[in-house]
Number of protein chains: 2
Amino acid sequence: MRDLARAVNLQGGSLYAHIASKEEVLFELVNRAADQFLSVAQAIPEDLPAKERLTRLVRAHLQVIARELDNATVFFHEWKFLRPELQEKIKARRDEYEGHFRQIIEAGVKQGEFEVEDVRLAALFVLSALNWTYHWYRPEGKLTLEELAQAYSNLILRTLGTKAA
Amino acid sequence: MRDLARAVNLQGGSLYAHIASKEEVLFELVNRAADQFLSVAQAIPEDLPAKERLTRLVRAHLQVIARELDNATVFFHEWKFLRPELQEKIKARRDEYEGHFRQIIEAGVKQGEFEVEDVRLAALFVLSALNWTYHWYRPEGKLTLEELAQAYSNLILRTLGTKAA
DNA sequence: AGGTGGCAAACAACCGTTCGTTTGAAGAAG
DNA sequence: CTTCTTCAAACGAACGGTTGTTTGCCACCT
């Protein structure tokens, strides 16, 4: 907390004129990260072909991670240390986000664009591969975000059993 | 440290008759986790078809994660808090392990079993999807480890552009 | 006799948070 | 235009507790 205070030129205790507790700050942080993911997902038009929607979602997801590397790291881990009640709120939003992936895959299967046995597991697989990027991706590295998004999209489309290249 | 001590029926300070520091314990933990991953990878015969080798490696990887859920969690995260010198040792072993994936994919491409543009990125993608399982997989859940390994192997083979089903 | 392993106590540093007080600016009253 | 009041924001010290580690001492086994 004293580090946090120093970052805004305050004394440790002075923070508590603005916040209720350290946990409140953590929740706010994690919750806003959830906002980011959800809002980009909701911005994708539903009337596009599943392949296109998925490609866009992949790019958007990677963009959010890259743009908020630190927040994403906290988002993926630290929510487990919230009290159960707050944890549930985060879990609900995470599940909602996961639902976007499932829904797109589901739609693609129905349209004959994808061929997937277990939609739930496939969505989890894809999200797993995407989420891990926060471990190693650095915007200042060799790989452009656009290049990464392109390459990962291709891999993911094949994972989901797309026919065309 | 006092929790650790209680787990072996000792007083907090008594630990220091056996260990040098908390960091030493962390390193030992993380390093032994690396042992687990590396040893199962090295146990896979090199003269098998790439598809078979990869399937075995996937199953073995998931088995290690499932068997040592807690250790795996620490392995994936906590090594970042070691001093740089020890971090490098872990990184080296992690890279060696990643090399197994790369090598198998590379071999598969040469044999015409796989079709992959960027071997390095493909290996990273596969490992990412596998590693994330520690976040959600619980051995006591509905999904058998064997079922998970089977399903993930199929997805991964498609990711790598395998022809046959 | 010597070394090992254990204990209890203590160490300094740090943790999240509270407390009484000071500051400075805005608004009301004269 | 001044004076007085109000109020939020910040300070700095302190609280009780925890952290990783060190110390001196005693008991046991060789």
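So you know, we letter chains A, B, ... as the sequences are listed, proteins then strands, and number each from 1.
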Transitively linked via ILVMFWY side-chain contacts under 4.5 Å: B:V58 with B:L143? yes

Heavy atoms only, 4.0 Å cut-off, all strands: where does B:L15 land among base, sugar-phosphate and nothing? nothing

Sub-6.0 Å ring centroid separation between B:F37 and B:F75: yes

Name every donor-acceptor pair, under 3.5 Å, that has one atom in a side chain of residues 1-8 of chain B and the other anywhere in the protein, sequence neighbours excluded.
unit_1: B:D3; atom_1: OD1; unit_2: B:R6; atom_2: NH2; d: 3.0

Does A:R32, at its CZ atom, have more than 12 non-hydrogen atoms belonging to other residues, nucleotides or ligands within less than 6.0 Å? no

Mark yes when over 12 heavy atoms from residues, nucleotides or ligands other than B:K110 sit less than 6.0 Å from its NZ; otherwise mark no. no

Along DNA chain C, first and last positions that approach a heavy atom of chain A under 4.0 Å: C:dC15 to C:dT18

Which letter, B, S or -, goes with each nucleotide of nucleotides 12-30 of chain D from 5' to 3', with contact meaning a protein heavy atom under 4.0 Å? B-B----BBBB--------

Salt bridge or not between A:K91 and A:E88? Use side-chain N to carboxylate O under 4.0 Å. yes

Mind telling me whether A:W132 and B:F76 have parallel, tilted or perpendicular rings, with 30° and 60° as the class edges? perpendicular

Kindly assign one of parallel, tilted or perpendicular to the pair A:H100 and A:Y97, based on the angle between their ring planes and the thresholds 30° and 60°. tilted

